[in-house]
Each structure stands twice: as C-alpha cells, then as structure tokens.
Amino acid sequence: MQVVVAQGHGGGVVVAGAGELSEAQFARYVADLERSRAPRWVMSSVARLYPVLLRFGVRIGRCLDLSLTEGLLLAAAGKAGEPKELPAAWARLHGLEPPPDSPAHADQQPALFDAREPGLPPGTDPARAAEDVLAAQERRITRLDHPDRFRLLIAAESASALVAAEMGVDGLPWRADVHDRLLTELLGPRTPAGQRPKKLAELATRISDAFGGKPVNPDSPQTIVRAFGREGISVPSARAHVLRTVDHPAVPLLIEYRELARLHSANGWAWLDEWVDGGRFRPSWVVGGVVSGRWASSGGGALQIPKTLRVCVRADPGWKLVVADAAQLEPRVLAALSGDRRLAEASASTDLYARLADAMFAGTMDVTEGRPRAKIAMLSAMYGGTAGEAASLLALLRRRFPDAVSYVEHAARAGERGERVRSRLGRVSPAPSAAWRALTGGSDDDVRARQAARDWGRFTRNFVVQASAADFTSVLLATLRRRLPAPAHLVFFQHDEVIVHAPEQLAPDVETAIAASVPEAARLTFGPACPVHFPMQPVTVDTYADAK
DNA sequence: ACTTCCGAGCTT
DNA sequence: CCTAAAGCTCGGAAGT
C-alpha cells in the first residue's frame, strides 16, 4: 500500500484521498494508518513534512522522498543543481519554468515567511501533482541503465531522510557541564562575548612581547605575516604547519593561541548557548548535501566536532552509546566496484593496509615501513595524489592490483574528457562548467587547460569511490534503522560512522543489529556475490571519546 | 552598518 | 605537514 502526501496550499498537509488536513489531523491520520497498514508514504519532501509528524511523536517505517528522487534523476540527466522540489518537478512535467526551491525547512519559523506555501499554481491539487510526478519519475527510472539499483538508491536515501529528521529531533546527547568545565580548564573562566578569556589574553600579550612589544593581533593572519616580516622572516602564510617550520619565540605561543582561540570561537560558550539545549545538540542534517551523496549539516558544524570535545558526548544515565565505524571503507568499496579479486582477498583482513603492504613489499621491507607506503599508494589511487613518492608507489600498486587501479584511472580519464561518471547505485557526477569546457575545449596543449582537465579527472576519480561509499552507507542506515530495537535510535552519522543511543540492557542487541546490517547493506549495494568484507566493529561506551 | 571575500582549521 | 577534496564556521579586512 502506498499513500501520497504533499504540502497543502493552506498551511496544512494534503493526503491523497483525504484532502487537506491540519498538522494535528495529519499526524493522527498517519499514526492510525501506520498502525493498521504500515504503508509506504510517498512524501513531496521528507525534510519538510516528517518534522511535522515527529513534533506529534509520530514515526513511520517506510517512505519515498520525491524531492531527493528528483535531485538524483536530475543529476543522472546531467542537470544537477536544478530545483528539485515538487513545484519544480511538476512545472517541468508541464513544460513550465520550474520555480526555485524554497530555502526554509518546515520546522523553522513557518509563521514568519510561510515556508509551507507549496509553490504550486493555485488550484493545483498538491497530492495530485505529487502522484503525477511520482509516475513520471518511475518512467524516467525505467529508462536508466540499472533501474533496480536506482530504486534501491532512492529507497535508501528516503530512509536516510527519515533518519536525518529523527536525529534532528532526538539530538545528540551532549553534556553542557562537561563542555563548560573543559572550556574553563583550557581558557579560564567564561568572559562576556567579544572579550578574550584570560588564557587567550595572556597569550596575546606574550605574543606581542615576543615581537618586541608592538601589538600583534594573533587573530589576524595578515598581521602575523607582517610581524614575522619585521623580524626578517618571510612566511607565505600564517598557517600552523608553516609556522611550525619557523624558529622564533613567538611560534609556540601563536600555535597554542590559535588552538585555543579556535576552540573558543568555533565551539566555545557561545556555541554551547546556541546549540545545546536540554542535554542535546540538535543540528540539522542535509541528506545528499554534498555532490558525492555524502551528508552535509547546517548549524553548529555537526560534521566538524573536534575530537577534543567527544568527551561531552555522553549517554544518559542507564543508557549507552553504541559506536561503530566502517574501517577503511573507501578501499573496500573500490575492491567491490572494480571486482579486483586480489584486493577483495585483502579485504578479509581488518587491517587492509597491512595486507596491501604484504602484497606490495613482501621480502623487501617489514610491515611498519610498508604499511604507510601502501596506504599512500591506495589513497593516491583514489584521490589522484602525485606528491612525493606517490607516483612510484602507485605504479607498484597497479602491478599488484591492476583491476582496482585501472577502475579509478578509467574514471579519471573520463573526467578529463568532460564525461560524467556514476556510482554503483547510480549517483551521477555533475557535468563540468561551461568555463571548464571553454578552457579545455581547444586542441592546443595549454598548461592551464591541462591543469583544469587533470583537476576534474581527480574529482571524477574520487567521485566513483566516495559516491559509492555514500551508496553503501545510505543503504546501511536504512537497514540499521529497521533493525534497531526501540527505543534505541541513531543520534549521529558522519560519513562512515554511526552512534546509537540505547538503554543499557539493549546495547548488545544494538551491536547485533549493526553486525547484521553491514553484510546486508553490502549484499544489497554490491550484489550477493560480492566477496568484499566490510568490518564495522561496534563498541558500547558511556562517552564517544572512549570509542577509539 | 552592511555585504562579500579571504585565511584558517576542523571533520571525513 | 605528510595523500585529496568538500563543506561549515569564524574573525578580519576590504568594499559598498
């Protein structure tokens, strides 16, 4: 059973067959039907509609997100970045100019600028429009190279959108008191906004003293570069790794200042006030926010939480955090994509790079020397690195694992020609810009043109791996969400890592759910015959900091 | 006072 | 730092 749902013209929600409902009616309707029939809910946008249900405490099992589907179909058609929400999809279907996507989310101050105005022409039935778009999308999917894989992708992305909305409501357990204590220890007592904490103020003074007493603002890179210039030291920038090469008494002070100032400005008391409430950090998560299909976040820098603050992520009393990350995910994805038998065999090991080192350097060097080199070789293959000894290491890797290396090199050459590449489940890389085409279009061997072509080749080389890894983790989220025993729930997802918050007695079941989800996701994503092993060892802890 | 850009650094 | 790329956020600085 399938039920189509879209934003209504009057601020409510239109359900096919039930007309426009108020939010409370909508929530009750969904709760009832979810209990009796558990349909697949087809939503114009999960990010806009599901938070409405979550506010009423209603959760759903299965859905299809028309906006995410439209975005993936547009990318597959070489039209990445065009508006993808229902009004735009409907307009394109009728040969009309598609309106831009509206920026706000349904759960953000709708009264202020009515974010739930559907954007469809007045008189158009939103549910009917959604049904038309759904049918058209199904026709477009049928014409793709691998419709079955794409259907899996949109199912997984839709389930991921449910996870993202639920994580936004549930929040990541965050101990403000632990955070505050940490800040006070490192920076000194809290100061009013705009005023440097004691530790920073002291360091700023000592830095100025180290430069002969002339005031130097350590927050200004330009000022730092000029200050070194006055000392007869020429530095290209004020970056920490540049400063580390300079022998000057101000350097250690600057580095310490910058580390602490970074913590203060990015994750200090102001951050705590703005983002942590009731023991939870609630960022908003953007499924497919990155072209490769990775998630992005907005608000609070949820994907940039510094490792030093992981101690603040603590389970509630009587609860645990179950943390798991997919170790060395990308080389394993490459093994699965390329069908490289020997790389797949190496994936049997938890430490893939040690096995690579053995294959590459057996007899010539031991694993402590070989492993970092094997890692550079593999990362160079996936990222297009050429610095240092990367090129020669890559050549050796190519001799041992020709299928894997030729897979990414094929993607790189396609990118250099301006072609688009695709992930396992059918995410398609964007077409290069008109400026890129103009630059690389000539037949001359212009240096800039060669550089631009190589740069884009590096992007497509990485895209096939990173986007396929995103395929895998998307499917993983979908399978894991289904298997988690209530009330355990996902609270964090960062590219290849998940955190589940669970009552203590359920933690073993959560570990089991994760252990079962991984091979299921691998089988669904890469096929039942895929021999690649994806280790993902769950760990039950009280604080995130103890997970690694 | 506001916008826009840049440098920097954090995560994967 | 090391091997690459993308995205988020901040503060400074320059432009309007």
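Since the structure is predicted, the reported quantities are computational estimates derived from the model, not experimental observations. Labels below follow one simple rule: chain letters A, B, ... track the order of the sequence lines, proteins then strands, and each chain is numbered from 1.
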So what does [X] touch, heavy atoms closer than 4.0 Å: a base, only the sugar-phosphate, or nothing?
| X | answer |
| --- | --- |
| A/S292 | nothing |
| A/A238 | sugar-phosphate |
| A/A240 | sugar-phosphate |
| A/S237 | sugar-phosphate |

> Is a side-chain donor-acceptor pair under 3.5 Å present for A/Q466 with A/Y383?
Replying inline: no
> Are A/S474 and A/E157 linked by a side-chain donor-acceptor pair shorter than 3.5 Å?
Replying inline: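 On atom types as modelled, these side chains qualify, holding a pair under 3.5 Å.
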>> Between A/D471 (side chain only) and A/L425 (backbone N and O only), is there a donor and an acceptor less than 3.5 Å apart?
In response: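 Here the side-chain-to-backbone pair exists.
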>> Using a 3.5 Å distance criterion without hydrogens, assess whether the side chain of A/R420 forms a donor-acceptor pair with backbone atoms of A/A75.
In response: yes
Rounded to the nearest Å, what distance is computed from the [atom1] atom of residue [X] to the [atom2] atom of nucleotide [N]?
| X | N | atom1 | atom2 | result |
| --- | --- | --- | --- | --- |
| A/L260 | C/dG11 | CG | C1' | 16 Å |
| A/Q222 | C/dG11 | CD | P | 17 Å |
| A/L200 | C/dG11 | CG | P | 12 Å |
| A/E330 | B/dT12 | CD | C1' | 8 Å |
| A/N267 | C/dC8 | CG | P | 16 Å |
| A/I255 | B/dG9 | CD1 | C1' | 13 Å |
| A/I305 | C/dG7 | CD1 | C1' | 15 Å |
| A/H495 | B/dC10 | NE2 | C1' | 11 Å |

Which nucleotide wins on minimum distance to the side chain of [X], given the candidates [options]?
| X | options | value |
| --- | --- | --- |
| A/F459 | C/dG7, C/dG11, C/dA5 | C/dA5 |
| A/S265 | B/dA8, B/dT11, C/dC10 | C/dC10 |
| A/K307 | C/dA6, B/dT11, B/dG7 | B/dT11 |
| A/R310 | C/dA5, C/dA13, B/dT11 | B/dT11 |

OP1, OP2 of [N] versus side-chain N and O of [X]: anything below 4.0 Å?
| X | N | answer |
| --- | --- | --- |
| A/N217 | C/dG12 | yes |
| A/R239 | B/dG7 | no |
| A/S297 | B/dT11 | no |

> Of A/R294 and A/G299, whose nearest nucleotide on DNA chain C comes first from the 5' end?
Replying inline: A/R294
> Can A/R310 be said to sit on top of A/Y544's aromatic six-ring, NZ or CZ under 6.0 Å from centre and within 45° of the ring axis?
Replying inline: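 Yes, A/R310 sits over the ring of A/Y544.
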> Looking only at atom C1', what distance separates B/dC5 and C/dA4, rounded to whole Å?
Replying inline: 24 Å
>> When the P atoms of B/dG7 and C/dT3 are compared, how many Å lie between them, rounded to an integer?
In response: 23 Å
> Can you name the one residue among A/H489, A/H501, A/R282 that meets side chain to side chain contact (heavy atoms under 4.5 Å, CB included) with A/D170?
Replying inline: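 The single option meeting the side chain to side chain contact (heavy atoms under 4.5 Å, CB included) with A/D170 is A/H489.
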> Is the number of heavy atoms from other residues, nucleotides or ligands under 6.0 Å of A/D277 CG greater than 12?
Replying inline: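 Atom CG in A/D277 is not crowded, with 12 or fewer foreign heavy atoms closer than 6.0 Å.
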Can you name the atoms? Protein N/O to nucleotides 1-4 of chain C N/O, anything below 3.5 Å, with the distance.
| from | atom 1 | to | atom 2 | distance (Å) |
| --- | --- | --- | --- | --- |
| C/dA4 | O3' | A/R458 | NE | 3.3 |

>> Let's go through A/W271 and A/W174 carefully: what are the C-alpha distance in whole Å and the side-chain angles of both, what is the deciding distance for ring pair (Phe, Tyr, Trp, His ring centres under 6.0 Å) to 0.1 Å, and is it a yes or a no?
In response: CA-CA 12 Å; A/W271 181 91; A/W174 194 281; 5.1 Å; yes
